[in-house]
Amino acid sequence: MASRRTYTFIVLMFVVGLNLRPAMSSVAPLLSRLQETAGLSPASAGILTTLPVLFLGLSAPLAPLLAKQLGSERALSSALLLLTCGLILRGMPVPGALFIGSAMAGSAIGLSGTLLPALVKRELPHSADLLTGLYTMALCFGGALGAGLSVPLMQWLGSWQLSLMSWSLLALVALALWVINMPTTQHTPLNPRTSASLAQLMRKPLTWHVMLFMGIQSSMAYIVFGWLPTLLVYRGYDEAAAGWTMAISIMCQLVSALGAPWLARLTHDQRPALLLVLLSTALGLWMLLIAPLIWKWPGAVLLGIGQGGSFSLALSLLVLRTANSRLAGQLSGLVQGGGYTLAALGPFGVGLMLQAGAELAHIAWLLILLIVICCGFALLAGRNRQLDDHSGELLVHRG
């Protein structure tokens, strides 16, 4: 029977997860307004949507080091404090605050998102993949809130600055709950010793397979977070309708985020589930950006199901491809660091294409091509393999 400590950890994990997407999804519905009122060019808007993802990737490898110095719980508290400050700063009437605050928020998300999978592996090692699905569902729900409420909050509070700053309240609640309950979840640091170095991990092809799958599918996700409402406005939607279309798509991620790990357990490995969610993502993009507008709602649903499932499975791979929580923390930092740095190229690339006058259909087909490439890495990363350093040497064997 699960202990009170376990239930407390699950609730805290869910609350923290709610905060790791609104920082990005809340900007996308306001991009057109920012381009009009703040004078952002498409390239500058591309930088704005890229910064959080770039700093997410750059900060992720630092999480195991921070956990070793402070302990995992205090490290996560520091990340939540950084997130709160970044969300407040990006709405301040100070030159560059929007960009600096976005970078701070991205760094905080990178640290938090890297620490949590290792904590999950430590707390519930035999159900880590299913608990990761619940965590991913929290991420998706937070992303949907950011996308759906961003424009209404602007209208209610009177400015886009206050709309962006308001998400700091949610982060502050998460920080307070985590700090209050931290003594209940206090533990020794995740990395009391290190038997496998990052260099050893990087020499294993499995590490690169997982990293490249994570990077490409994350790039697709952050392109959607950063640009989908703008691309839909180009198709004739108004701001609010575009924001709610993305919100509905993200809400559909809740089902697949929770269900994909269960689906993956029905087969010998994760390859069938990975290919299924990638196919759903490709079909959703085609329906939203290329097909007649009558397909927009099925497209939003399929896109949401595909992206929720692919991200949930990507995080599950971090715990399924490792034999212990120490390796899970190291792989998480390395894969998310490299993967999200690669993913940052996606939103920036879309901004450059729009600046150059690329047609919407051309952008859509390029995204679908990236998904096809991602399928190749899914076939490699989804095999039943596991990194293990129990013998003192880093080995790969069947899981």
Side-chain angles (χ1 to χ4, degrees), residues 12-28 30-31 34 38 40 44 47-67 69-116 119 138-139 142-143 145-147 149-150 153-154 157-182 222 225-226 333 336-337 340-341 344 347:
L12 290 174
M13 178 199 69
F14 191 86
V15 174
V16 171
L18 283 178
N19 283 272
L20 303 188
R21 286 299 175 268
M24 290 171 281
S25 64
S26 61
V27 173
L30 300 176
L31 266 185
L34 287 171
L40 293 183
S44 298
I47 293 173
L48 180 61
T49 57
T50 298
L51 272 177
V53 189
L54 177 61
F55 276 83
L56 193 161
L58 294 175
S59 64
L62 302 178
L65 300 176
L66 193 62
Q69 293 297 317
L70 302 178
S72 302
E73 288 81 2
R74 290 189 178 90
L76 190 54
S77 297
S78 302
L80 289 172
L81 178 61
L82 180 63
L83 177 61
T84 304
C85 295
L87 292 173
I88 293 173
L89 178 62
R90 67 178 184 168
M92 299 290 286
V94 178
L98 179 61
F99 292 89
I100 296 171
S102 296
M104 289 172 61
S107 297
I109 293 168
L111 294 171
S112 303
T114 304
L115 290 165
L116 277 171
L119 280 165
L139 293 177
L145 291 176
L149 296 179
S150 188
L153 281 172
M154 179 188 67
L157 297 173
S159 71
W160 61 264
Q161 290 94 337
L162 290 176
S163 175
L164 292 179
M165 290 175 70
S166 65
W167 295 102
S168 63
L169 296 176
L170 184 62
L172 192 60
V173 169
L175 174 61
L177 289 175
W178 186 263
V179 169
I180 290 169
N181 289 278
M182 191 168 60
Y222 291 118
F225 277 135
Q336 296 198 61
Y340 287 129
T341 302

Before giving the answer on side chain to side chain contact (heavy atoms under 4.5 Å, CB included), spell out for L89 and L98 the whole-Å C-alpha distance, their side-chain angles and the decisive distance to 0.1 Å.
CA-CA 7 Å; L89 178 62; L98 179 61; over 6 Å; no
Non-neighbouring partners of [X] that pass side chain to side chain contact (heavy atoms under 4.5 Å, CB included), sequence neighbours left out:
X    : result
A176 : none
V94  : M92, A97
L169 : none
S168 : T84, L87, I88

Would you name the heavy atoms of [X] and [Y] that are closest together and state the gap between them?
X    : Y    : result
L157 : S166 : CD1-CB, 4.1 Å
L175 : S77  : CD1-O, 3.4 Å
S25  : G146 : OG-CA, 3.4 Å
G143 : P22  : N-CD, 4.4 Å
L20  : V16  : CG-O, 3.5 Å

pair W167-L145: side-chain heavy atoms closer than 4.5 Å:
yes
Hey, what do you get for [atom1] ([X]) to [atom2] ([Y]), rounding to the nearest 0.5 Å?
X    : Y    : atom1 : atom2 : answer
L177 : L12  : CG    : CG    : 6.5 Å
Q161 : L34  : CD    : CG    : 8.0 Å
T341 : Q336 : OG1   : CD    : 11.0 Å
T50  : L56  : OG1   : CG    : 12.5 Å

Please confirm whether the backbone N or O of S159 pairs with a side-chain atom of S163, one donor and one acceptor, at under 3.5 Å?
no
Within the side chain of W178, is there an N or O that forms a donor-acceptor pair under 3.5 Å with the backbone of E73?
yes
Could you name each residue pair satisfying side-chain hydrogen bond (donor to acceptor under 3.5 Å, both in side chains) that touches residues 85-94, not counting sequence neighbours?
S26-R90
What side-chain hydrogen bond (donor to acceptor under 3.5 Å, both in side chains) pairs are there with at least one residue in residues 12-22, not counting sequence neighbours?
R21-Y222
Output all residues satisfying side-chain hydrogen bond (donor to acceptor under 3.5 Å, both in side chains) with S44, sequence neighbours left out; order by chain, then residue number.
S41
Which pairs of donor and acceptor atoms, one on a side chain in residues 104-116, lie under 3.5 Å apart (sequence neighbours left out)?
{"from": "S107", "atom 1": "OG", "to": "A103", "atom 2": "O", "distance (Å)": "3.1"}
{"from": "S112", "atom 1": "OG", "to": "A108", "atom 2": "O", "distance (Å)": "2.9"}
{"from": "T114", "atom 1": "OG1", "to": "G110", "atom 2": "O", "distance (Å)": "2.7"}

